[in-house]
Q: 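One structure, pasted below without further comment.
As a basis for the values below, the full set of heavy atoms in this structure was taken, side chains included, without hydrogen atoms, waters or symmetry mates.
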Amino acid sequence: MQRSADRVIAGPGLAERLAREAYRLARSGVRPEDPPNLRTTGAAADLAADLAAVMAPPERHRGYRLVSGLLDGFGDPGSTPEHWKDDQNADAAAIDMAIMLAASAMGDVFGWAEQQDGRLVHNILPIRGQETLQVGAGSVEPLARHTEDAFHPGRPHILMLVCMRNPESVGTSVASVRRTGLTDAEYAQLERPLVAITPDDSYGAPNTAHRWLDREARGVATVWWADDGPCLRYDPVYSRVLTDDPAFLDAYAALGTRLVECEAELPLTPGDIVLVDNDVAVHSRRSFRPSYDGTDRWLKRTIIRLDRPRPAGEAAEDGFGQRAVEPGRGR
């Protein structure tokens, strides 16, 4: 294994062992959603330990890490599906199992009951009719910078994206709040709970995010502090600012500008894995033109919970009623 601050390259031996175990599980009929948690069964203890070494959380200042080579043992996953719920071939099903094994070596994999039918490995691909939406199924509009599931107190600590196909070399862009160079005064403004964030259009039927707008707005802090530095909760497209205070508005605008300035677009080729620290970094994607002919950009997404505290006050939030699902606990 080769490692740097922003990249890990897994050795061929580990890739082969992971592929063998993933194919074995998939052929036996195991699904990513099946109990028990795959971190404790199936893979041999040494495989789990080696995966944990490769799948270590990103360095916090940078906020991301690329993992390459880990999925080199798999065959052709087939054409890009037309919809996230479409059937997959045997190789793609085995890749889903490998993603679960790798992600579970880092922490607890979970999903949302109203997002992609409660699946734990999501297909992120362009869908007809959703081209302009600010969700993973969008394409012709850039996907704005955001914290994954920013509306929810139980949002993931780690976002894991896996590249299946990327013919136009459309990378995932990542920007860390710890590289923005905000002033103490700007941080102080952004700590004020003055932004209400709602679920996005991937929850339930498309174009229904407006259903959350009529409920009473509860403001949350855009910046909060962990023991090792500032953290971020940010999704402007699905947010409502609850003040007209110029000092806050200027700080919020400065944050948006600085995130653009420090953003890095990560190149993605098939088999690449991006790990994003969802507490410090936002991610985005530039626009692309889908062809809907089976060759379009196709990623897999999994979200992971770590044993890492967040502000105690978040426990009072209801998360808009969105229920987390875990392996073996139903959709």
Q: Rounded to the nearest 0.5 Å, how far apart are CD1 of Ile99 and CZ of Arg301?
A: 12.0 Å
Q: May I have the step-by-step check of salt bridge (Lys or Arg N to Asp or Glu O under 4.0 Å) for Asp245 and Arg192, ending in yes or no?
A: CA-CA 11 Å; Asp245 181 348; Arg192 300 167 66 191; 2.9 Å; yes
Q: In plain terms, say whether Arg17 and Asp46 are close enough for a salt bridge, that is, a side-chain N and a carboxylate O under 4.0 Å apart.
A: yes
Q: Can Arg233 and Glu317 be said to form a salt bridge (Lys or Arg N to Asp or Glu O under 4.0 Å), step by step?
A: CA-CA 14 Å; Arg233 191 174 179 182; Glu317 299 176 29; 2.7 Å; yes
Q: Under a plain distance cut-off of 3.5 Å, with no hydrogens placed, do Asp96 and Gln88 share a side-chain donor-acceptor pair?
A: yes
Q: Would a distance-only check, ignoring hydrogens and angles, find a side-chain to backbone donor-acceptor pair under 3.5 Å from Glu314 to Pro311?
A: no
Q: Would you give the length of the straight line joining atom CG of Asp91 to atom CD1 of Ile95, rounded to the nearest 0.5 angstrom?
A: 6.5 Å
Q: Report whether Leu190 and Leu249 are members of the same hydrophobic cluster (ILVMFWY, side-chain heavy atoms less than 4.5 Å apart, transitive linking).
A: yes
Q: So which atom in Arg310 and which in Pro156 form the shortest heavy-atom distance, rounded to 0.1 Å?
A: NH2-O, 2.9 Å
Q: Asp235 vs Arg155, test: salt bridge (Lys or Arg N to Asp or Glu O under 4.0 Å). Steps then yes/no.
A: CA-CA 13 Å; Asp235 192 357; Arg155 61 196 177 278; over 6 Å; no
Q: Kindly assign one of parallel, tilted or perpendicular to the pair Trp112 and Phe110, based on the angle between their ring planes and the thresholds 30° and 60°.
A: perpendicular
Q: Can you tell me how far the NE2 atom of His152 sits from the CD1 atom of Ile197, to the nearest 0.5 Å?
A: 12.5 Å
Q: For the residue pair Glu265 and Arg286, what are the closest heavy atoms and their distance?
A: OE2-NE, 2.8 Å
Q: Could you grab the distance from atom CG of Leu275 to atom CD1 of Ile304, nearest 0.5 Å is fine?
A: 6.5 Å
Q: How close do Leu120 and Val325 get, heavy atom to heavy atom, and via which atoms?
A: CD2-O, 3.7 Å
Q: Is Glu82 atom CD crowded by more than 12 heavy atoms from other residues, nucleotides or ligands, each under 6.0 Å away?
A: no
Q: Supply the atom-to-atom distance Leu18 CG to Tyr23 OH, rounded to the nearest 0.5 angstrom.
A: 10.5 Å
Q: Is the closest side-chain donor-acceptor distance between Gln115 and Ser202 under 3.5 Å?
A: yes
Q: Establish, from distance only, whether the side-chain atoms of Ser291 and Asp293 form a donor-acceptor pair under 3.5 Å.
A: yes
Q: State which residues pass salt bridge (Lys or Arg N to Asp or Glu O under 4.0 Å) with Asp228; sequence neighbours excluded, sorted by chain then number.
A: Arg60, Arg178
Q: Could you state the interatomic distance from CG (Leu242) to CZ (Phe248), rounded to the nearest 0.5 Å?
A: 8.5 Å
Q: Under 30°, 30 to 60°, or over 60°: which ring-plane class applies to His146 and His283, parallel, tilted or perpendicular?
A: tilted
Q: Hey, could you give me each pair passing side chain to side chain donor-acceptor pair (under 3.5 Å) that has a residue in residues 156-174? Not counting sequence neighbours.
A: Thr80-Arg165
Q: Is the closest side-chain donor-acceptor distance between Asn278 and Thr147 under 3.5 Å?
A: no
Q: Between Ile303 and Val274, is there a shared hydrophobic cluster once you connect ILVMFWY residues whose side-chain heavy atoms come closer than 4.5 Å?
A: yes
Q: Mind telling me whether Phe320 and Phe151 have parallel, tilted or perpendicular rings, with 30° and 60° as the class edges?
A: perpendicular
Q: Might you work through the side chain to side chain contact (heavy atoms under 4.5 Å, CB included) test for Glu263 and Val174, ending with a clear yes or no?
A: CA-CA 5 Å; Glu263 185 174 70; Val174 181; over 6 Å; no
Q: Identify the heavy atoms of Glu191 and Ala221 that sit nearest to each other, and give their distance.
A: O-CB, 3.3 Å
